[in-house]
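Residue numbers begin at 1 in each chain, while the letters A, B, ... track the order of the sequences.
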Number of protein chains: 2
Amino acid sequence: MSRELRAKVLQGEYADGQQLPTEAELSQSYGVSRQTVRRAFQDLVADELVYRVPGRGTFARSPRHGYVRQIGSIDDLMGLSEDTGLEVVDPLQRQVDLISAGRLRLGSDVVYRARFLRIHDGSAFCSTTVYLPPDVGRQLGAVEELTTRGATTTFTIIGLLEKRLGVQIAEAQQSITVASADDELAQALGCRVGHPLLRIDRLYLNGNGDGLELAVSHFLPEQYSYRISLRRST
Amino acid sequence: MSRELRAKVLQGEYADGQQLPTEAELSQSYGVSRQTVRRAFQDLVADELVYRVPGRGTFARSPRHGYVRQIGSIDDLMGLSEDTGLEVVDPLQRQVDLISAGRLRLGSDVVYRARFLRIHDGSAFCSTTVYLPPDVGRQLGAVEELTTRGATTTFTIIGLLEKRLGVQIAEAQQSITVASADDELAQALGCRVGHPLLRIDRLYLNGNGDGLELAVSHFLPEQYSYRISLRRST
DNA sequence: CAGTGGTCTAGACCACCCC
DNA sequence: GGGTGGTCTAGACCACTGA
């Protein structure tokens, strides 16, 4: 039920800041309790797809009213590899990893993991570890570029996901912070151990809110800065 | 109850990924129902302060405690100070600064500069230096909170700009990278010299593309991570 | 197996909004 | 007032974990 509601909102069913059905209406039409509806709404509010005003109702976040969220679109992320190469350091393989499995909101502890280096002008400036849910990982296991150590590609993983698996990425959640280079990262990036790195985690979700990919990247700050532009729409 | 629990987690009561009490235990010790405990946990999970594994338990997120905030629109930037305090370290004053003047695309070398500390839960987690064009700086010079060293406020500069000067901020350009703490920053933030910091530069523009404010912030990465959510426009 | 969190139901009272 | 969401209670069943 929460899936369906989320999908409806993402598909623009209630665009223009329209009012959504009330909790009572939804609980009746879906045949669930009001608490279940509330639980679904909590997630939508947390993701800022919807806002609620006590005593008035629930409204879809509209791009037309007030401020627009983000410019710095998912398509921009997908274009990241256009002028950079991706080299396979650790091929895609099955792995038990509690933390990444949790962040992908999986039921199990099993993920598929691969590690890459991003190359620009002949030098590595970023190390990326990609975690995939088991079903996604299995399907991408057939892609030669991901299973051959040392292979290089200009694909992005999300590009592959959309093209080969036909899934649609609707959302990306990013978290940006600072990390220190450990032995492995220092060797991969050619910096000293302890060197400060820009760490960017990206969680890609489909329209139902299922995690499709978790990418943990460490950038050399000397060669990369993250730029984003926020715009107000009038 | 949710407040107390959150405070305990933030204060590192369960640091090192320790296991938290179970829902049953908490509901008994606080004298509330299990659903109330669950509701409190949902917020902690949403803020990534805690993660849960079905059948195993609830665990504090490893070493990273402190302040997590989702920023995805200009509105969010303006609301940043809602639950943080801003302390004036250097009051607003006229200054010659070629670099910041250039970034504000001014014709002259004169800017107005002020320096702040962002406080959360009694500790500084961010140092911000704000640069304003001369005309803007002059008009804000009348604001007492900005000219008194040691004063604290919950305003944001851009909030003041929009309210007092009636200007409209149409765009914000951000650049995120890593910087090392110099003497001044180390002292202000209470870290060692050379400590890696998350540096976020924000340039606010009006609809004509004129620079209204340049804010250079250095965050303690242990207490702050920058989160943003991108959504595909349909 | 007992214990964990995940999900759900069916009620309740409240503060708030708007008519 | 009647309708909205905010909060809470007291149960229930499930899938999964770990010993």
* Asked: Taking it one step at a time, do B/Tyr14 and B/Thr58 satisfy side-chain contact (heavy atoms from CB on, under 4.5 Å)?
  -> CA-CA 10 Å; B/Tyr14 312 104; B/Thr58 303; over 6 Å; no
Rounded to whole Å, how long is the line connecting atom [atom1] of [X] with atom [atom2] of [N]?
{"X": "B/Gln42", "N": "C/dC8", "atom1": "CD", "atom2": "P", "answer": "12 Å"}
{"X": "A/Leu26", "N": "D/dT4", "atom1": "CG", "atom2": "C1'", "answer": "13 Å"}
{"X": "A/Phe41", "N": "D/dT7", "atom1": "CZ", "atom2": "C1'", "answer": "17 Å"}
{"X": "A/Leu44", "N": "D/dG6", "atom1": "CG", "atom2": "P", "answer": "13 Å"}

Do you know which two heavy atoms are closest between [X] and [Y], and how far apart they sit?
{"X": "A/Ala40", "Y": "A/Leu5", "answer": "CB-CD2, 4.4 Å"}
{"X": "B/Ala60", "Y": "B/Val50", "answer": "CA-CG2, 4.0 Å"}
{"X": "B/His195", "Y": "B/Leu220", "answer": "CD2-CD2, 4.1 Å"}

* Using ring pair (Phe, Tyr, Trp, His ring centres under 6.0 Å) as the criterion, list what pairs up with B/Phe41, not counting sequence neighbours. => none
* To do: Among C/dT4, D/dG11, C/dG11, find the nucleotide with the atom closest to the side chain of A/Gln35.
  => C/dG11
* To the side chain of A/Thr58, which of D/dT9, D/dG5, C/dG11 is closest? -> D/dG5
* How does each nucleotide of nucleotides 13-19 of chain C score, in 5' to 3' order, for protein heavy atoms under 4.0 Å: base (B), sugar-phosphate only (S), or none (-)? -> ---BSS-
* With nearest nucleotides of DNA chain D determined for B/Ser33 and A/Arg52 from heavy-atom distances, which residue corresponds to the more 5′ nucleotide? ->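 Its nearest nucleotide lies further toward 5', so the answer is A/Arg52.
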* Between the side chain of A/Glu213 and the main-chain N/O of A/Val136, is any donor-acceptor distance below 3.5 Å? -> no
* Asked: OP1 or OP2 of D/dT9 sitting under 4.0 Å from any side-chain N/O of B/Thr36?
  -> yes
* Touch class at under 4.0 angstrom, heavy-atom based, for B/Arg38 against every strand present -> base
